[in-house]
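First the structure, in the form of structure tokens, and then the observations on it.
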Number of protein chains: 2
Amino acid sequence: MSDTLYTVTQLANDLGVTARTVRFYEDKALLNPRRAGNNRVYTHRDRARLILILRGKRLGFTLREIKEYLDLYDADPTRQEQMRALLKRVQARLDSLVEQEKALAETMAELRTIAQQTEAALAALPASEAPSKVRRAR
Amino acid sequence: MSDTLYTVTQLANDLGVTARTVRFYEDKALLNPRRAGNNRVYTHRDRARLILILRGKRLGFTLREIKEYLDLYDADPTRQEQMRALLKRVQARLDSLVEQEKALAETMAELRTIAQQTEAALAALPASEAPSKVRRAR
DNA sequence: ATCTCACTTAACGTATACGTCAACTTCTAT
DNA sequence: ATAGAAGTTGACGTATACGTTAAGTGAGAT
């Protein structure tokens with residue numbers, strides 16, 4: 001009944017990251033697994049937490065931001081404040097991405113212009129349309 | 001004529017960067033101004049070069065890539081090989097940006113989903129719809 | 001008993017593009 | 001002569017997310 005326990009390597013492989021990464025997250029206080037002697041032991045809760053972390057990363061949040069969110073999760077039993085905060089973050093990120101989208105479009109337009117101009121300039125060149133393989137075979 | 005000469009600070013201010021940046025580019029062999037004694041002196045050619053560098057940056061190329069391009073510019077009198085190389089780089093960058101665009105769209109979609117779900121969850125909450133300003137005024 | 005694997009901590013390395021001193025030298029103006 | 005502005009060369013600092021040794025511990029397998 002999902003009382004499975006994991007070692008670092010297991011959990012890491014399971015979620016497609018390295019053990020180093022998982023330990024790193026712990027160092028950054030994003031995870032806090034129990035120990036069996038000296039070794040880390042992860043529960044399904046830890047696993048869920050890590051999944052949240054990875055999702056946050058995919059969505060472009062920094063580890064610091066993710067940590068703030070997770071800290072709220074822990075400190076907010078009703079989860080209301082946490083959801084408000086989440087909403088704020090998500091909106092902000094969306095705004096930022098909208099801007100990125102614009103910038104991206106502009107950049108692509110400029111690159112396409114350059115490509116066209118360059119192609120035109122190359123086509124206007126008279127000699128050596130292709131680097132003739134037999135130029136003075138030696 | 002445009003035989004104007006610039007000092008680092010002048011050139012930097014002129015193009016909206018810091019003198020540190022201009023010197024940094026020289027350290028990276030992207031610029032190679034003359035000297036008047038110990039001081040850097042920039043010509044309109046140097047200025048044009050710097051403009052190219054900044055443009056490349058705007059378009060998302062690394063300084064290393066920009067340097068390769070500029071080196072070609074110097075070593076290729078006909079400018080043909082250079083233009084081919086440029087075309088290649090530009091195409092590659094465009095491909096990369098197209099992928100970024102996709103990833104961006106996916107990310108935004110996921111964020112919008114999260115936002116909606118969070119809003120719904122918040123709306124479903126009974127108490128304290130807004131953090132009432134007068135909660136037990138003390 | 002020894003090998004070998006998995007685990008541990010600590011700490012330096014990486015990539016990118018500069019920012020920010022520190023410590024001088026030089027030039028111009030007063 | 002001297003203050004002040006501007007220039008110079010190092011060289012370390014910054015931010016982010018880990019990678020990569022190094023050096024050692026504990027446990028099961030042979």
Side-chain angles (χ1 to χ4, degrees), chain A residues 4-43 46-47 49-70 89 93 96 100 103 107, chain B residues 4-43 46-47 49-70 89 93 96 100 103 107:
Chain A
T4 330
L5 298 181
Y6 307 84
T7 117
V8 238
T9 317
Q10 281 169 3
L11 184 63
N13 290 339
D14 192 4
L15 298 186
V17 296
T18 69
R20 172 67 176 105
T21 298
V22 178
R23 294 197 194 97
F24 179 73
Y25 291 164
E26 180 178 346
D27 192 50
K28 294 298 174 185
L30 291 166
L31 292 175
N32 192 28
R34 287 147 59 198
R35 303 291 176 122
N38 204 19
N39 290 15
R40 293 166 172 81
V41 174
Y42 299 87
T43 68
D46 296 318
R47 188 173 181 281
R49 232 181 133 87
L50 181 48
I51 290 177
L52 273 184
I53 297 173
L54 296 177
R55 182 184 193 185
K57 279 213 52 185
R58 262 208 345 273
L59 296 176
F61 295 100
T62 68
L63 293 186
R64 177 183 302 272
E65 290 170 327
I66 295 169
K67 173 173 164 41
E68 288 175 21
Y69 172 70
L70 291 176
R89 293 258 181 231
R93 179 96 187 109
S96 154
Q100 273 190 45
T107 299
Chain B
T4 330
L5 297 181
Y6 308 84
T7 122
V8 239
T9 315
Q10 282 169 3
L11 184 63
N13 291 340
D14 192 3
L15 298 185
V17 295
T18 69
R20 172 67 176 104
T21 297
V22 178
R23 294 196 195 97
F24 179 74
Y25 290 164
E26 180 177 347
D27 193 49
K28 294 297 175 185
L30 290 167
L31 291 173
N32 192 26
R34 287 149 58 197
R35 301 292 177 122
N38 205 20
N39 290 16
R40 294 167 171 81
V41 174
Y42 299 86
T43 68
D46 296 318
R47 188 173 182 281
R49 233 180 133 88
L50 181 47
I51 290 178
L52 274 183
I53 296 173
L54 296 178
R55 183 185 192 185
K57 279 212 54 186
R58 263 208 344 273
L59 296 175
F61 294 100
T62 68
L63 293 185
R64 178 183 302 273
E65 290 170 327
I66 295 171
K67 173 174 164 41
E68 288 175 22
Y69 172 70
L70 290 176
R89 293 253 179 236
R93 180 97 187 107
S96 154
Q100 274 190 44
T107 298

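Convention: sequence-line order gives letters A, B, ...; per-chain numbering from 1.
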Rounded to whole angstrom units, what separation is found between the CZ atom of A/R64 and the C1' atom of D/dA17? 13 Å

Only one of A/L50, A/D14, A/V22, A/T7 clears side chain to side chain contact (heavy atoms under 4.5 Å, CB included) with A/Y42; which? A/V22

Looking only at D/dA17, D/dT8, C/dT9, the nucleotide nearest the B/N38 side chain is D/dT8

Is any side-chain nitrogen or oxygen of A/Y25 closer than 4.0 Å to OP1 or OP2 of D/dA17? no

Near A/R58 CZ, under 6.0 Å, is it more than 12 heavy atoms from other residues, nucleotides or ligands? yes

Tell me: CD of B/E26 to P of D/dT9, nearest whole Å? 7 Å

Measure the distance from OH on B/Y6 to C1' on D/dA6 and round it to the nearest whole Å. 19 Å

For B/I66, run the side chain to side chain contact (heavy atoms under 4.5 Å, CB included) check against B/I53, B/L59, B/L52 and tell me which one passes. B/I53

Could you tell me how far apart A/L30 (CG) and D/dC18 (P) are, to the nearest whole angstrom? 10 Å

Which one, D/dT8, D/dA17, C/dA17, comes nearest to the side chain of B/T62? C/dA17

Whole angstrom value for the distance that separates P of C/dA17 from CD of B/E65: 9 Å

A/R40 has an atom CZ; how far is it from atom C1' of C/dA6, in whole Å? 12 Å

Side chain of A/N39 only, heavy atoms from C-beta on: which candidate in C/dT8, D/dG7, D/dA17 is closest? C/dT8

Provide, to the nearest angstrom, the distance between the CG atom belonging to A/L50 and the C1' atom belonging to D/dC18. 14 Å

Do any of residues 11-23 of chain A sit with a heavy atom less than 4.0 Å from DNA chain D, and if so which? A/T18, A/R20, A/T21

Close side-chain approach of A/T43 to A/R34, heavy-atom, < 4.5 Å: yes

Heavy-atom check, side chain of A/Y6 versus side chain of A/N13, under 4.5 Å: no

Side chain of A/V8 - closest among C/dT8, C/dA17, D/dA17: C/dT8

Please tell me if B/T7 has a side-chain N or O lying less than 4.0 Å from either OP1 or OP2 of D/dG7. yes

Touch class at under 4.0 angstrom, heavy-atom based, for A/K57 against every strand present: sugar-phosphate

Value in whole Å for how far the P atom of D/dA17 lies from CG of A/L31: 14 Å

Taking the side chain as every heavy atom from C-beta outward, state whether B/R23 and B/R40 have any pair of such atoms under 4.5 Å apart. yes

Any side-chain heavy atom of B/R89 sitting closer than 4.5 Å to one from B/F61? yes

